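Please read these numbers as outputs of a predicted model, since none were measured by experiment. Hydrogens, waters and symmetry mates are skipped; everything else that's a heavy atom, side chains included, is used.
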Amino acid sequence: MRHHDDSHDDKLNHMKLWDIVVIAGSLGLSLFVCICVGVAMGRFIDVHAGTSPWGLILFSLIGAVSGFWTLYKKALSYQQDEARHGRHQGK
């Protein structure tokens, strides 16, 4: 019977690790996309308005700030989901 419990615990730990990897990847991708959009918008404005490098600098910063804001909001929602899930599990 002990072997079955160990196997079940290993599967739960593996699932938790996989969930962490997926969440981290999602957060990293969100930050990357926000920064890339900011850079693209900045380059576009610089090319069409002749403001090089100020559009790139400004919109890169805006992209980074929005990316970190997105990370913060997603981390809060994951934390709230985990707290809700933990309460339902009796933890």
Side-chain angles (χ1 to χ4, degrees):
M1 182 74 181
R2 183 73 177 149
H3 178 68
H4 179 356
D5 290 342
D6 288 343
S7 175
H8 182 69
D9 289 343
D10 288 344
K11 286 181 183 178
L12 286 177
N13 288 336
H14 182 27
M15 290 298 290
K16 288 179 186 177
L17 178 62
W18 184 249
D19 289 343
I20 291 169
V21 169
V22 168
I23 290 169
S26 169
L27 294 175
L29 185 61
S30 295
L31 179 61
F32 177 75
V33 167
C34 288
I35 292 172
C36 286
V37 168
V39 167
M41 289 175 63
R43 287 186 49 96
F44 178 80
I45 287 173
D46 282 343
V47 166
H48 292 293
T51 57
S52 185
W54 299 110
L56 178 63
I57 292 169
L58 177 65
F59 280 92
S60 295
L61 289 174
I62 290 171
V65 168
S66 68
F68 282 110
W69 180 252
T70 301
L71 289 181
Y72 175 73
K73 297 300 280 184
K74 281 188 174 188
L76 280 180
S77 72
Y78 287 133
Q79 183 182 23
Q80 290 169 353
D81 288 347
E82 184 64 28
R84 251 184 269 126
H85 186 335
R87 243 184 272 133
H88 289 289
Q89 294 288 329
K91 293 180 182 177

Does Thr70 have any side chain to side chain donor-acceptor pair (under 3.5 Å) partners at least two apart in sequence or in another chain, and if so, which? none
For Ser30, side chain to side chain donor-acceptor pair (under 3.5 Å) partners two or more places apart: Lys74
Under a 4.5 Å side-chain heavy-atom rule over Ile, Leu, Val, Met, Phe, Trp and Tyr, are Leu29 and Val21 clustered together?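 No, because Leu29 and Val21 fall into different hydrophobic clusters, even though each may have its own neighbours under 4.5 Å.
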Would you call Asp81 and Arg84 a salt bridge, taking side-chain N to carboxylate O under 4.0 Å as the test?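 Between Arg84 and Asp81 there is a salt bridge, with a charged N closer than 4.0 Å to a carboxylate O.
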Where do Cys34 and Ser66 come nearest, in terms of heavy atoms and distance?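 Minimum heavy-atom separation between Cys34 and Ser66: CB-OG, 3.8 Å.
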To the nearest 0.5 Å, what is the distance between CG (Leu58) and CD1 (Ile45)? 8.0 Å
Who pairs with Phe32 by ring-ring contact (aromatic ring centres under 6.0 Å, His included), at least two apart in sequence or on another chain?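 Applying ring-ring contact (aromatic ring centres under 6.0 Å, His included) to Phe32 gives none.
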Apart from [X] itself, what residues make up its hydrophobic cluster, given side-chain heavy atom links below 4.5 Å?
| X | answer |
| --- | --- |
| Leu61 | Trp54, Ile57 |
| Leu56 | Ile23, Leu27, Leu31, Ile35, Val39, Phe68, Leu71, Tyr78 |
| Leu76 | Trp69, Tyr72 |

